[in-house]
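Some notes on the structure that comes next.
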Amino acid sequence: SQTIHQWPATLVQPVGSPLSLECTVEGTSNPNLYWYRQAAGRGLQLLFYSVGIGQISSEVPQNLSASRPQDRQFILSSKKLLLSDSGFYLCAWIGEATNEKLFFGSGTQLSVL
Amino acid sequence: TQLLEQSPQFLSIQEGENLTVYCNSSSVFSSLQWYRQEPGEGPVLLVTVVTGGEVKKLKRLTFQFGDARKDSSLHITAAQPGDTGLYLCAGVSNSGYALNFGKGTSLLVTP
């Protein structure tokens with residue numbers, strides 16, 4: 001069965017520090033992968049998506065970047081965090097057979113202080 | 001980016017009441033999805049509607065896709081405290097790869 005792993009679950013970082021959030025998917029190949037950010041109790045903002053290794057599409061300009069070094073690995077990074085980068089970050093994937101259904105990871109709550 | 005507007009933003013009702021939440025856009029979507037999210041967790045898919053005018057029922061939840069495939073509604077009959085959560089609608093973007101989400105309706109059902 002397919003599973004998605006996202007870590008860490010919570011993270012507290014000082015302003016100006018780097019960031020690396022990792023997401024891996026098991027049980028599927030060539031998934032479309034996504035990073036979303038969610039403000040407290042509100043909707044999801046699409047940050048990046050990837051349809052294949054090394055292919056990254058950015059939806060909004062920001063202080064973050066994404067990379068896909070392997071088929072089932074998606075990484076969200078920042079060189080220097082801002083206060084506004086705080087939020088709940090969700091990784092998600094769609095497989096070819098899932099008819100556009102998104103499967104979400106359990107999320108990372110990032111607090112930048 | 002195709003925008004999805006959800007209303008109301010917040011809704012607090014008592015157990016047993018009925019409610020309807022809406023998801024509207026000026027764009028046409030090939031399909032719309034409804035998710036429910038609990039605090040600290042990722043959203044979970046409830047239903048996908050594909051055909052204009054389509055109505056789907058999931059126990060006490062009724063989902064409808066507008067004829068023009070620009071809007072959708074979710075009706076809950078006899079709400080229960082377990083229905084509490086953030087309800088999100090999402091539509092596939094023009095690129096065909098990404099799901100764009102509305103800001104959600106936060107529902108609180110009190111006993």
Side-chain angles (χ1 to χ4, degrees), chain A residues 2-11 21 23 25 30-52 55-61 66 68 74 87-96 98-111, chain B residues 1-12 21-25 29-51 54 56 58 65 69 84-108:
Chain A
Q2 303 95 342
T3 56
I4 180 169
H5 301 280
Q6 188 180 341
W7 67 93
T10 58
L11 190 60
L21 301 181
C23 171
V25 181
N30 197 33
N32 290 348
L33 296 172
Y34 305 84
W35 278 110
Y36 285 90
R37 178 170 60 200
Q38 184 176 34
R42 302 309 296 150
L44 279 67
Q45 179 188 31
L46 178 63
L47 302 176
F48 301 96
Y49 68 89
S50 172
V51 300
Q55 300 179 59
I56 308 294
S57 296
S58 175
E59 288 291 299
V60 294
R68 186 168 176 177
F74 204 21
F88 191 49
Y89 288 82
L90 287 156
C91 178
W93 71 277
I94 290 177
E96 291 182 2
T98 54
N99 192 28
E100 301 167 353
K101 174 181 176 179
L102 268 176
F103 293 91
F104 284 89
S106 54
T108 295
Q109 183 64 53
L110 171 65
S111 298
Chain B
T1 303
Q2 297 163 278
L3 295 177
L4 287 162
E5 300 289 338
Q6 288 190 247
S7 60
Q9 292 186 32
F10 303 96
L11 189 57
S12 180
V21 299
Y22 301 92
C23 174
N24 297 297
S25 176
F29 290 93
S30 59
S31 64
L32 275 179
Q33 299 181 346
W34 285 93
Y35 291 79
R36 188 166 77 94
Q37 183 181 22
E38 302 205 13
E41 300 180 6
V44 176
L45 181 69
L46 296 173
V47 77
T48 300
V49 286
V50 179
T51 306
E54 180 178 7
K56 282 191 174 179
L58 186 66
F65 200 14
R69 305 208 317 274
T84 293
L86 181 67
Y87 289 82
L88 297 156
C89 68
V92 177
S93 70
N94 287 333
S95 69
Y97 293 118
L99 274 173
N100 295 312
F101 283 81
K103 293 185 177 180
T105 293
S106 182
L107 172 65
L108 174 64

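The sequence lines fix the lettering, A, B, ..., with proteins before strands; numbering per chain opens at 1.
- Both the backbone and the side chain of A:L44 come within less than 4.5 Å of a heavy atom in chain B.
- Using bins of under 30°, 30° to 60° and over 60° for the plane-to-plane angle, the ring pair B:F101/B:Y35 lands in the tilted bin.
- Residue B:Q9 touches chain A through both its backbone and its side chain, counting heavy-atom pairs closer than 4.5 Å.
- For the set B:P43, B:G40, B:P39, the count of heavy-atom pairs under 4.5 angstrom toward chain A peaks at B:P43.
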Task: Step-by-step side-chain contact (heavy atoms from CB on, under 4.5 Å) determination, A:Y36 to A:L102 - done: CA-CA 12 Å; A:Y36 285 90; A:L102 268 176; 3.8 Å; yes
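- Side-chain contact check for A:F74 versus A:V25: every heavy-atom pair is 4.5 Å or farther apart.
- With contacts defined as side-chain heavy-atom distances shorter than 4.5 Å, the pair A:W93/A:C23 does not qualify.
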